[in-house]
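Taking it in order: structure first as structure tokens, then the write-up.
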Amino acid sequence: MNLPSDPIGVFDSGVGGLTVTRALVDRLPGEAILYLGDTARVPYGNKAPATIERYGLNIARRLNDTGIKALVIACNTASAFALEAIVKAHPKLPVLGVIEPVAQQAAASTRSGVVGVIGTRGTVASGAYTRALHEANKDLQIISHPCPLFVPLAEEGWLDGAVPTEVARTYLAPFAGTGIDTLILGCTHYPLLRPVIQRVINEVVGRQVEVLDTATATAKVLDDLLRAQALQAPRDSPAPAHKFWVTDAADSFKGVSTRFFGSPLGHIEHVDL
Ligand code: DGL
């Protein structure tokens, strides 16, 4: 039974989902979050689809068992490979991935009809963005490229300067001459590199490109979903106490997490799955 007073479960392979959590907390300040970062098994981006599905099912079961009213899969790779299985396994739990909300937003905002997508190898190979964008508008042209090195750069805090700029130039060069006017950051790590990505994509394409991330669009769709299902936290409930769980060393997560969440997380608990 999902209760309005229950927290919202959120999970990612590690810290990336904290960019989505930031947007959730900003948009829904009355809601408590239970976040699980699967730091023992990160990265997801280069693992087989069946492995990611198994990880996702495992995490969803664990979060659901503790009592959550909705689940946000705050990882593009897990949204691409595990969403369907999780929805099937938990028919009564509202489950939201991060791909569809931003795909809808991009489909509504593109003028040229050509949308670029960058993400992990897994996300790009899955074709999940192409399917979601075509569902919104079958006439769109979609051009996707994996940018795997953006993940370690974001985690190391190498967010601008010579190395990230050179990596971005190399990854984004194939978008030259394609006519994209919108670029989706299809990985929850990439918003940290937004300034360099924005600068380089404008340079490569020769015009201002709209860069969209998954966080804001997902927060809006979750807001609508909670409202529609009468699952919003009661107005008179106390200030929400967020919980942060990791499956590997909590200490190493702490430093990096501040950069992704924008403020310190407080207590981080280690859990075994
Ligand atoms: N945060 C993951 C995503 O959005 C990428 C990191 C990883 O490879 O685990 O796909």
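Counting starts at 1 for both ligands and their atoms, in listed order. Starting from 1, each residue takes its place in the sequence as its number.
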How about R121: does its CZ atom have over 12 heavy atoms from other parts shown lying under 6.0 Å from it?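 Not more than 12 within 6.0 Å, no.
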Please write out which residues are connected to V117 in a hydrophobic cluster, directly or through intermediates, given that two of Ile, Leu, Val, Met, Phe, Trp, Tyr count as joined at side-chain heavy-atom separations below 4.5 angstrom.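 Members other than V117 - counting any ILVMFWY side chain reachable under 4.5 Å - are I99, V102, V115, Y129, L133, L140, I142, I184, L212.
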Working for side-chain contact (heavy atoms from CB on, under 4.5 Å), residues T51 and F81: CA-CA 9 Å; T51 307; F81 293 130; over 6 Å; no
By salt bridge (Lys or Arg N to Asp or Glu O under 4.0 Å) - contacts of R259 (at least two apart):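 For R259 there are no salt bridge (Lys or Arg N to Asp or Glu O under 4.0 Å) partners, ignoring immediate neighbours.
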Using the test salt bridge (Lys or Arg N to Asp or Glu O under 4.0 Å), find all partners of E135 that sit at least two apart in sequence or belong to another chain.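 E135: no salt bridge (Lys or Arg N to Asp or Glu O under 4.0 Å) contacts found.
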With a 6.0 Å cut-off on ring centres, are Y171 and F150 close enough?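 Yes, they do, as the ring centres are separated by less than 6.0 Å.
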Protein residues having a heavy atom less than 4.0 Å from any atom of ligand 1: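 Residues within 4.0 Å of ligand 1: D12, S13, V42, P43, Y44, G45, C75, N76, T77, T120, C187, T188, H189.
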